Amino acid sequence: MARIGVFVCQCGNNIASTVDTQKVAEEMKKIPGVVYTQDYKFMCSAVGQELLKKVVKEHRLDGIVVAACSPHMHEKTFRKACEAAGLNPYRCEIANIREQCSWVHHDKTKKTGTLKSTDLTRMTIERLKKNKPLKTINIPLKKKALVIGGGIAGIQAALDIAESGYEVILVEKEPSIGGHMAQLSETFPTMDCSQCILTPKMVELSMHEKVRLLTYSEVEKVEGYIGNFRVQIRKKAKSVIEDLCTGCGECIEKCPFKADSEFEVMKGHKRKVIYVPFPQAVPNIPVIDREHCPKFLKDKCGICAKVCGPKAIDYSQQDEIITEEVGAIVVATGYDLMPVESFGEYGYGRIKDVVSGLYFERLASASGPTGGEIRRPSDGKVPETVVFIQCVGSRDPKRGVPYCSKICCMYSAKHTMLYKHKVHHGQAYVFYMDIRSGGKRYDEFVRRAIEEEGAVYLRGRVSSVYERDGKVIVEGADTLSGTQVEIEADMVVLATAIVPRKGAKELAQRLGISYDTYGFYNESHPKLRPVETNTAGIFLAGTCQGPMDIPDSVAQGSAAASKVISLFSREDLVREPILAEVDERVCNACWDCYYACPYSAIEQHPLKGRDGSIVRWVARVNEGACQGCGVCVAACRSKAIDLKGYTDEQVYAAINALV
Amino acid sequence: MKVRIGKRPKGDLVDLIERISGEDPSLCYQCGNCTAGCPAAFAMDLPPHQVVRLLQIGQEDMLLSSRAMWVCVSCLQCYSRCPKGVDISKIMEALRQVTLRRGKDGIEVKGLPVDLLSQSPQQALVAGFRKLVS
């Protein structure tokens, strides 16, 4: 016969105001197998826990039910207390009589609340009687991390992990790390030069002995589970042998062919066909753009190979597939900007002097196409009036995206300052809907743009942008004065919405992580688990999760790294034993579970006879990958699968106690 | 009404008003604290915060055609409430000065009815002359 103890918590008045806890405790005494019951004011308090431990020992209990708040709150607390008292922690169960009872009942006579609490506790007692003692599971752990994306978030995450002594592989799609931050001129709110603060980190990363940097590479396939991922990375052919190349740049100089530069944003700005994206690129090794190189298109030219001193050019180089085993993955794939051609009223693509915010960054950047001079694209003149339009695509549920892109208010203010610093007699106008400058020293920054740098802010949207006599006319509204406004400008800059990186959804599917309607990756909990995904061992950093600025991205990079480090700091992985278990005697290998499992935790396992030949196949649960969701249990037609801690037997016992 | 903004948001008049009043309208972020507390705003065609807004975007005509400056009683409630320290009563005074010096809207003392002159307290008349005749 079981020896079960029942504790009914009053939770101050949270439970006791609508539940007669004493009566519930007395009722429970009548159930066979229950040898001790008590109600108490705060079971979760230190005194309550001590009471629990004392009673377990004194009454030699073999199971505990605590009727209290949701198991999400204090299941761990009470199980730990049980363990301290020498009881298997999985012989402790929680009956939720707060969230699922007292809080939803308003009957001050306590009649309904007491009745329901009695039922809930009785069900839990019957369920507990079928509980088997379980043990946590230890799984070996590969202490090496993969970081996908070499922008500032990825760089920070990789550096932090490497600094704590673990190996890191950083995979970057482009020929150089640096991401969008490398394209920016100066950064808000301190106005320090973006490259000056970024490039030291890039170099530090590339020199770090614990970091393996794979640029021009993409993650093709991810298998496995937390602690034991197997990753396939495609290292695209650079057509340059990295070990031989000295980065002298002779090949780039002599290359006679050009193609559009991705880095300089705007069409018309060219780079060579063999190129590094920008002068401070890391690694400083050029790649050949095979789509535009005549050597690959028509087998002509070959100048780069002739001029290369160390003979590093290799036209026959093939893509390489690298397989790596890692214990954790940080996803930091970043963002794209919404293509603005679809917003006809702003004239982008039609009017040359309408440019994107990122292009303005390049214009203002000392390493940009104009060497840092603000010159408009159409005729190279210095614009004397510039209109900045915020919320292009953002906060526009009808034609764009409903969310706020978060960084545009700040960078538009920064743009007005950069412009004023370079064109002293110029006038900047900003069309905005709201100024969202939440952040340390952010609002002061925007006020400085208005009060000291003289930017005029107009609260309203723009209806049309058109050309007249060499001017760009912007028509819009100023709702603060309740007027329509028409501005004769020389240049228009559009603050376009942040959207997920192209291919974000495909990568998410490869990784087995979830994403929202737009393609931003979902965090496990928006407040309390901001860098974890719902897939154990995969973490998020930076704008792949949603719009955020550089400080936030860096903070997230470090946060994700600290999650990886805390994972690696353990000898091996300790996991809750609430996992699926296959009864191999019953399994008929229909593989419904195999296809149903969202975590690919079901393995097809051959059972072999004495002579080594395969007798039959059965499903087996990979305890590292299983998350205990129970989908396989529902899918199994032969009822061969049970979820430990939530077996059919337990569930039926609970139901039987009710009916 | 449509507002056309050329190369500069401010015309000469706005410059003048800024000089006379010594106030910087660009400090204002249009929170509306001034209008909220103004005891005369109910009678104004342009509430105080809009007067500042029109200065910010340089709308001279709308400013000068407004009657708000004459309704303002210079009680300084707006100034005491303003989180940014903009003294709108000074701006209103500057607007009145500019208008009166252009020879517009001034009060002919001779034209005032004798009844009013005989019944009004002397202090009110002096204050009124200061404000309305300049």
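In what follows, every heavy atom counts, from backbone to side chain, and hydrogens, waters and symmetry copies are set aside. The structure displayed is predicted, hence computed values, not measured ones. First the proteins, then the strands, lettered A, B, ... as listed; each starts at 1.
- Heavy atoms of other residues, nucleotides or ligands lying less than 6.0 angstrom from NZ of Lys381(A) number 12 at most.
- Gln50(B) touches chain A through its side chain: at least one heavy atom from C-beta onward sits under 4.5 Å away, while N, CA, C and O do not.
- Residue Arg447(A) touches chain B through its side chain alone, counting heavy-atom pairs closer than 4.5 Å.
- Put simply, the side chain of Leu480(A) does not reach to within 4.5 Å of the side chain of His49(B), judged on heavy atoms.
- Interface residue Glu475(A): only side-chain heavy atoms are found under 4.5 Å from chain B.
- For the pair Gln30(B)/Arg459(A), no side-chain contact is recorded, criterion being any heavy-atom separation below 4.5 Å from C-beta on.
- Exactly one of Met62(B), Gln59(B), Arg53(B) qualifies for a side chain to side chain contact (heavy atoms under 4.5 Å, CB included) with Thr483(A). That residue is Met62(B).
- Residue Leu54(B) touches chain A through its side chain alone, counting heavy-atom pairs closer than 4.5 Å.
- For residues 345-354 of chain A, heavy-atom neighbours of chain B at less than 4.5 Å comprise no residues at all.
- Taking a 6.0 Å sphere around CD of Glu341(A), one finds it holds more than 12 heavy atoms contributed by other residues, nucleotides or ligands.
- Ranked by heavy-atom pairs under 4.5 Å with chain B, the list Asp478(A), Ile435(A), Asp490(A), Val456(A) is led by Asp478(A).
- Residue Ser481(A) is tested with Val52(B), Leu55(B), Leu46(B), Ile57(B) for a side chain to side chain contact (heavy atoms under 4.5 Å, CB included); the sole match is Ile57(B).
- For the pair Asp24(B) and Glu451(A), the tightest heavy-atom approach, listed with the atom from each and the gap, is OD2-O, 4.3 Å.
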